[in-house]
S.K.: 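There's a structure below that I have some questions on.
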Amino acid sequence: MARTGLADPTQPVLRLDGIVKQFPGVRALDGVQLALYPGQVTALIGENGAGKSTIVKTLTGIYQPDEGQILLDGLPVRFPTAQAAGDAGITAIHQETVLFDELSVAENIFIGHAPRTRFGLIDKAEMRRRATEILDSIDAKIDPDVRLRDLGIASKHLVAISRALSIDARVVIMDEPTAALSHKEIEELYELVDTLKAQGKAILFISHKFDEIFRIADRYTVFRDGQFVGDGLMADVTEGELVQMMVGRSVDQIFPKRRAVLGNPVLQVVGYSHPTEFDSIGFTLRRGEILGFYGLVGAGRSEFMQSLIGITRPSKGVCKMGDDIKIIRSPAEAIEAGIVYVPEDRGKQGAITAMPIFQNVTLPSLGKTSKNGFLQMAEEFKLAREYTQRLDLRAASLDVPVGSLSGGNQQKVVIAKWLATQPKVIILDEPTKGIDIGSKAAVHDFMSELAAQGLSVIMVSSEIPEILGMSDRVIVMREGRIVAELEGDDLSPETLVRHAAGITSEAAA
Ligand SMILES: Nc1ncnc2c1ncn2[C@@H]1O[C@H](COP(=O)(O)OP(=O)(O)OP(=O)(O)O)[C@@H](O)[C@H]1O
Ligand SMILES: [Mg+2]
């Protein structure tokens, strides 16, 4: 009855105190506190592995804390199961969303709490009606009857959000919700957060993006290495202060690209076309070059990259490496030719989560570490250690399964694995998505150093500072075509955005 949305905004709905969570070899949470207030967004910030997702799992009944207490409206509670947390009005959109590929969208939204007929059967018509209502409320144009596996990642995320909304929640938790969304969908998500706030819900928002934290959060809490560092109001803090709290030092956010001397062409692409996704793509990539690909989501960048490594076939076009004309028909042929691709959706094509880190890293490089067919474990370790250290991977040891790492650290494993194959050309699709601000510098520094040693990089990124800071040259794509090729003084945030959005007249200024 108290759910009127008029709850006292100075009293937390949910409060966690002295929470400890120990995993074998890792104290993921070491006595942390967190408070969530009605009608307010609290941003939880911290490096990869700081304990953010672990606290989310603790307060949604997925993990049990070893010590500490959870207070709901000031009263101690326990959530022995996820269902119990849901019943108490706590719902979460997790970083690795647990959805079911074989079920329909509506079934995914209502699994575990489907509306029932008076005979106790699942009321499919009602379920579909309510699913449609929720999807409409967030402007998601998704058919509730379609199978989940037929959706793209962004749509799957919207299904996860709809699922969270289908529970009449008092507390909504979002763990890096915008990592998989396009610009337009991100704006819609912000509006959705505003709506939830207006309804008096307490929101926990986890993100590595400072612009969005400042855009939507009212409060912040910072964790470092499983410990509570501080909290307060966003209005009282600067980005620099937050970064300092997060990493315990100030971070030089200047991108460290060294202007390398570019070598001979390693890859020439001529007239690559596809019936629907892209048209007449051509460019030359030189040894040691970092070539940025900028564009709005949907510009065809990822689709083109996928055809370049043989996941899909171009309808026209050739690709030359050195003097050879290559037609790459499969990712295996691409690897053979020395081109590797680290996709944006690293979950799917990423790591084998049950296998230890070192084996994941060395898996595609086995030829390099095996002699006469025998794996050289020491060699494997050495290779894995070198690459993971350079990418600032945080793990108890290289023996632990990738599945036990934090989301951002899992991504670093995938990047390490492809870099370790020592390709001629690496295509990185949104390389620092989900990677914290401190590690980002490490990733950029390593990229830059490898380029200086002769690696050629194609970097697809939607982040303007990353594109500007890292690229020797930038290709801008719009609606499947190259609309600009920029370097030197022509590169600026304005020129990038203007070309990407198709604003041609200078009068826009
Ligand atoms: N199931 C598990 N088994 C063992 N260790 C785990 C498990 N889950 C998390 N950890 C460890 O707990 C620590 C905190 O991980 P957590 O996923 O909470 O980090 P995070 O702050 O969400 O990071 P990210 O920004 O990368 O998502 C990490 O050291 C991680 O390796
Ligand atoms: Mg996480």
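Atoms within a ligand are numbered from 1 in the order they appear, just like the ligands themselves. In this text, all values refer to a predicted model and were calculated from it rather than measured experimentally.
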S.K.: Please could you name the atoms of ligand 1 that H208 approaches to less than 4.0 Å, counting only its heavy atoms?
M.R.: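 The list of qualifying atoms is 25 (O).
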S.K.: Can a donor-acceptor pair be found between the side chains of Q227 and D30 at a distance below 3.5 Å?
M.R.: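 There is such a pair between these side chains.
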S.K.: Mind checking whether Y63 and F23 have parallel, tilted or perpendicular rings, split at 30° and 60°?
M.R.: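 Ring orientation, 0 to 90° scale: perpendicular.
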S.K.: With sequence neighbours excluded, what pairs up with R147 under the salt bridge (Lys or Arg N to Asp or Glu O under 4.0 Å) test?
M.R.: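 Applying salt bridge (Lys or Arg N to Asp or Glu O under 4.0 Å) to R147 gives none.
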S.K.: For the residue pair G338 and P423, what are the closest heavy atoms and their distance?
M.R.: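 Result for this residue pair: O-CB, 3.4 Å.
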S.K.: Does even one non-hydrogen atom of L405 get within less than 4.0 Å of ligand 1?
M.R.: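 It does; at least one heavy atom falls under 4.0 Å.
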S.K.: What atoms of ligand 1 come within less than 4.0 Å of a heavy atom belonging to T54?
M.R.: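 The list of qualifying atoms is 9 (C), 14 (C), 15 (O), 16 (P), 18 (O).
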S.K.: For atom 28 (C) of ligand 1, tell me which residue out of S439, G49, G403 has the closest non-hydrogen atom.
M.R.: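 Minimum heavy-atom distance to atom 28 (C) of ligand 1 goes to G49.
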S.K.: Check if K21 has a non-hydrogen atom at a distance under 4.0 Å from any atom of ligand 1.
M.R.: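 No, K21 has no heavy atom closer than 4.0 Å to ligand 1.
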S.K.: Go through the structure and list residues passing side chain to side chain contact (heavy atoms under 4.5 Å, CB included) with D136, not counting sequence neighbours.
M.R.: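 Result, side chain to side chain contact (heavy atoms under 4.5 Å, CB included) vs D136: T132.
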S.K.: Report yes if G46 has an N/O atom closer than 3.5 Å to an N/O atom of ligand 1; otherwise report no.
M.R.: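 G46 vs ligand 1: no N/O contact under 3.5 Å.
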S.K.: Show me which atoms of ligand 1 lie under 4.0 Å from any heavy atom of E176.
M.R.: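 In order of numbering, the contacting atoms are 25 (O), 27 (O).
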S.K.: Please evaluate residues E67 and K21 with respect to the criterion salt bridge (charged side-chain N to carboxylate O under 4.0 Å, His left out), reporting the C-alpha separation (whole Å), side-chain torsions for both, the decisive distance (0.1 Å), and the verdict.
M.R.: CA-CA 7 Å; E67 284 171 42; K21 182 69 193 171; over 6 Å; no
S.K.: Which label fits F293 and F304: parallel for a plane angle under 30°, tilted from 30 to 60°, or perpendicular past 60°?
M.R.: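 Because their plane-to-plane angle is under 30°, the rings of F293 and F304 count as parallel.
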S.K.: Looking at Y63, which atoms of ligand 1 are within less than 4.0 Å of one of its heavy atoms?
M.R.: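 The list of qualifying atoms is 1 (N), 8 (N).
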S.K.: To which of A50, A395, G226, S404 does the heavy atom nearest atom 4 (C) of ligand 1 belong?
M.R.: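 Of the listed residues, S404 has the closest heavy atom.
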S.K.: Flag G408 as yes when one of its N or O atoms lies below 3.5 Å from any N or O atom of ligand 1, and as no otherwise.
M.R.: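 Yes, G408 has an N/O under 3.5 Å of an N/O on ligand 1.
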S.K.: What's the shortest heavy-atom distance between L135 and S162, and which atoms?
M.R.: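 Looking at all heavy atoms of both residues, the shortest contact is CD2-OG, 3.4 Å.
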S.K.: Would S448 and D445 count as having a side-chain donor-acceptor pair, cut-off 3.5 Å?
M.R.: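 The criterion, which ignores hydrogens and geometry beyond distance, is not satisfied for D445 and S448.
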S.K.: Any heavy atom of E47 sitting closer than 4.0 Å to ligand 1?
M.R.: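 It does; at least one heavy atom falls under 4.0 Å.
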S.K.: Just distances here: any N/O of F23 and N/O of ligand 1 closer than 3.5 Å?
M.R.: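 In this structure, F23 places no N or O atom under 3.5 Å from an N or O of ligand 1.
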S.K.: Identify, by atom number and element, the atoms of ligand 1 in contact range of N48, meaning under 4.0 Å from any of its heavy atoms.
M.R.: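 Answer, ordered by atom number: 23 (O), 24 (P), 25 (O), 26 (O).
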S.K.: Any idea which atoms of ligand 1 are less than 4.0 Å away from a heavy-atom of S53?
M.R.: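 Ligand 1 atoms under the 4.0 Å threshold to S53: 17 (O), 18 (O), 20 (P), 22 (O).
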S.K.: Would you say T54 reaches the Mg ion (ligand 2) with an N/O/S atom under 2.8 Å?
M.R.: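 Not a single backbone or side-chain N, O or S atom of T54 is under 2.8 Å from the Mg ion (ligand 2).
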S.K.: When you check the side-chain N and O atoms of E430 and S462, is any donor under 3.5 Å from an acceptor?
M.R.: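 Side chains of E430 and S462: pair found under 3.5 Å.
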S.K.: Looking only at side chains, do H444 and E466 share a donor and an acceptor under 3.5 Å apart?
M.R.: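 Yes, side-chain donor-acceptor contact under 3.5 Å.
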S.K.: Under 4.0 Å from a heavy atom of V26: give me the atoms of ligand 1 that qualify, with their elements.
M.R.: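 Every atom of ligand 1 under 4.0 Å from some heavy atom of V26: 29 (O).
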S.K.: For residues Q244 and R224, report the shortest heavy-atom separation together with the two atoms involved.
M.R.: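 Distance-wise, the nearest heavy atoms are O-NH1, 4.1 Å.
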S.K.: Is the closest N or O pair between G434 and ligand 1 shorter than 3.5 Å?
M.R.: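 The answer is no, given that G434 and ligand 1 share no N or O pair closer than 3.5 Å.
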S.K.: Would you say Q411 contacts ligand 1, with heavy atoms under 4.0 Å as the rule?
M.R.: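 Under 4.0 Å: no for Q411.
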S.K.: Which of the atoms of ligand 1 are close to A28, meaning less than 4.0 Å from one of its heavy atoms?
M.R.: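 The list of qualifying atoms is 12 (O), 13 (C).
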